[in-house]
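Right, one structure below, let's go through it.
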Amino acid sequence: MTASVFTGCIPALMTPCKPDRTPDFDALVRKGKELIGLGMSAVVYCGSMGDWPLLTDEQRQEGVRRLAEAGVPVIVGTGAVNTKSAVSHAAHAAKVGAKGLMVIPRVLSRGSSVSAQKAHFSAILEAANGLPAVIYNSPYYGFATRADLFFDLRARFSNLIGFKEFGGKQDMTYAAENITSGDDALTLMVGVDTGVYHGYVNCGAGGAITGIGNALPKEVLHLVSLCEKAAKGDPQARRDARELEEALMVLSTYDEGPDLVLHYKYLMVLNGDAEYTLHFNETDELSPSQRRHLENQYTLFRTWYAARYPAA
């Protein structure tokens, strides 16, 4: 498996807001540095967790630049409706010293067209100027990248070194069987918080991109460490990893839903990070019932973890 930025545990940063609902880049950098200091290997910005559809291209690139200048190893999301915008983000990432790219499918216009996606991916990888990149596969983007397209691109762009799978267990198994397992230079990244154990142990993943890890970094790093040991055959780690993943499951499952940013920002607020209180749209908020359910589950998990791992 290639030694690159795409390894270990990588939180997909959310974008904190100022009181006027504009991005708080000072807080973004503080959180990025904090998470790296806790043991995360890099951060992602702007993926879905960063609210890329709600930011201007200029705002997205300012966040990337600020993180890179602060010495935070950053992987840049290239989600866009227009290929020209995606290319701009890739070129900017290479210019300011980002460490990698997530190549996200073209959305809305011709999103289901293989030829359109091939041209879109090719333009991003060309503009990356050699930055290592993974294709981000997600059912939410309405396009499934299959092995034939991946290897067609790989033959032309050596900087395409892996695959991030956000789909379920079946999709992750497909990626392992048909894309990443046949070449040690390719990396499979777990892209959904509910699939960490399956990805590492059953699919040979080399890293995990996490949402819940923003709010529970110590615990998610613990889970990834257990999964890495379980993937090498450690029977106790296998049992402990399954137990910890099950305990996290309700909170992790928020990663699969449309309100993932709302849920995880609220967890950050419960941790004391008040800069995550607001969203870019005033009407984007959890219902009182959603907040209460999250609070109860968060308390339950923290109580269980403290009892299970009192020395942690």
Side-chain angles (χ1 to χ4, degrees), residues 2 4-6 12 44-61 63-65 74-167 171-172 174-183 185-189 191-192 209:
T2 186
S4 76
V5 70
F6 294 102
V44 166
Y45 192 75
C46 267
S48 302
M49 285 283 290
D51 275 328
W52 72 257
L54 304 183
L55 301 177
T56 66
D57 286 353
E58 292 76 17
Q59 288 171 329
R60 291 170 62 178
Q61 292 180 9
V64 169
R65 177 183 60 79
V74 58
I75 297 163
V76 177
T78 59
V81 175
N82 189 324
T83 298
K84 291 181 180 179
S85 292
V87 165
S88 173
H89 293 307
H92 177 266
K95 179 180 178 182
V96 300
K99 301 302 183 183
L101 291 180
M102 286 200 317
V103 181
I104 298 173
R106 175 178 171 177
V107 294
L108 298 180
S109 172
R110 300 190 69 215
S112 61
S113 167
V114 175
S115 63
Q117 295 293 2
K118 180 179 178 180
H120 183 77
F121 291 157
S122 297
I124 294 169
L125 291 165
E126 180 71 33
N129 195 29
L131 271 184
V134 297
I135 284 181
Y136 180 2
N137 200 56
S138 169
Y140 288 97
Y141 289 119
F143 180 81
T145 303
R146 311 310 277 176
D148 53 351
L149 175 55
F150 180 90
F151 286 110
D152 190 358
L153 293 165
R154 167 85 171 157
R156 298 170 55 207
F157 302 101
S158 61
N159 57 319
L160 177 58
I161 55 86
F163 201 77
K164 177 198 172 187
E165 181 54 72
F166 187 84
D171 291 331
M172 206 173 300
Y174 171 87
E177 288 185 350
N178 296 283
I179 297 176
T180 56
S181 293
D183 185 343
L186 294 176
T187 297
L188 176 64
M189 298 295 295
V192 60
I209 295 176

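Under the ring pair (Phe, Tyr, Trp, His ring centres under 6.0 Å) criterion, no residue pair touches residues 83-121, with sequence neighbours excluded. For residues 129-152, the pairs satisfying salt bridge (charged side-chain N to carboxylate O under 4.0 Å, His left out) are Lys118-Asp152, with sequence neighbours left out.
The shortest distance between side-chain heavy atoms of Arg110 and Ser115 falls below 4.5 Å. Side-chain contact between Pro132 and Phe6: present, with at least one pair of heavy atoms (C-beta onward) separated by less than 4.5 Å. For the pair Leu160/Phe150, a side-chain contact is recorded, criterion being any heavy-atom separation below 4.5 Å from C-beta on. Side-chain contact between Leu153 and Ile135: present, with at least one pair of heavy atoms (C-beta onward) separated by less than 4.5 Å.
The backbone N or O of Ser112 lies less than 3.5 Å from no partner atom in the side chain of Gln117, so there is not a single donor-acceptor pair.
Listed by chain and residue number, nothing satisfies the ring pair (Phe, Tyr, Trp, His ring centres under 6.0 Å) test with Tyr45 (two or more places apart in sequence, or in another chain). Listed by chain and residue number, nothing satisfies the side chain to side chain donor-acceptor pair (under 3.5 Å) test with Lys95 (two or more places apart in sequence, or in another chain). Looking at residues two or more places apart in sequence or on another chain, you find a side chain to side chain contact (heavy atoms under 4.5 Å, CB included) between Ser85 and Asp57, Ala80, Asn82. Listed by chain and residue number, nothing satisfies the ring pair (Phe, Tyr, Trp, His ring centres under 6.0 Å) test with Phe157 (two or more places apart in sequence, or in another chain). With sequence neighbours left out, the side chain to side chain donor-acceptor pair (under 3.5 Å) criterion links Tyr174 to no other residue. Partners of Arg156 by side chain to side chain donor-acceptor pair (under 3.5 Å), not counting sequence neighbours, listed by chain and number: Ser122. Applying the side chain to side chain donor-acceptor pair (under 3.5 Å) rule to Ser88 yields the partners Gln61; only residues at least two apart in sequence or on another chain are considered. Residues meeting the side chain to side chain contact (heavy atoms under 4.5 Å, CB included) test with Ala123, sequence neighbours left out: Thr83, Val87. Under the ring pair (Phe, Tyr, Trp, His ring centres under 6.0 Å) criterion, Phe151 pairs with no residue, sequence neighbours left out.
The two residues Leu186 and Gly162 make their nearest non-hydrogen contact at CD2-N, 4.2 Å. Summarising the geometry of Gly130 relative to Asn159, their closest heavy-atom pair is O-CB, 3.6 Å, with the distance given to 0.1 Å. Here the closest heavy-atom approach between residue Asn129 and residue Ala94 is recorded as CB-CB, 4.1 Å. Here the closest non-hydrogen pair linking Leu55 and Gly50 is CD1-O, 3.7 Å. The two residues Ile161 and Ser4 make their nearest non-hydrogen contact at CD1-OG, 3.8 Å. Nearest heavy-atom pair across Phe163 and Ala175 is CD2-CB, 3.6 Å.
The structure places CE of Met49 at 11.5 Å from CD1 of Ile209, a figure rounded to the nearest 0.5 Å. The CE atom of Met172 lies 13.0 Å from the CD atom of Glu177; values are rounded to the nearest 0.5 Å. For the atom pair CD1 of Ile75 and CE of Met189, the computed distance is 6.0 Å after rounding to the nearest 0.5 Å.
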Below 3.5 Å, can you tabulate the donor-acceptor pairs from side chains in residues 97-109 to any protein atom, sequence neighbours excluded?
| from | atom 1 | to | atom 2 | distance (Å) |
| --- | --- | --- | --- | --- |
| Arg106 | NE | Ser109 | O | 2.8 |
| Arg106 | NH2 | Ser109 | OG | 2.9 |

- Message: If you apply the rule ring pair (Phe, Tyr, Trp, His ring centres under 6.0 Å), what do you find for Phe166 with Tyr141, and how did you get there?
- Response: CA-CA 10 Å; Phe166 187 84; Tyr141 289 119; 8.5 Å; no
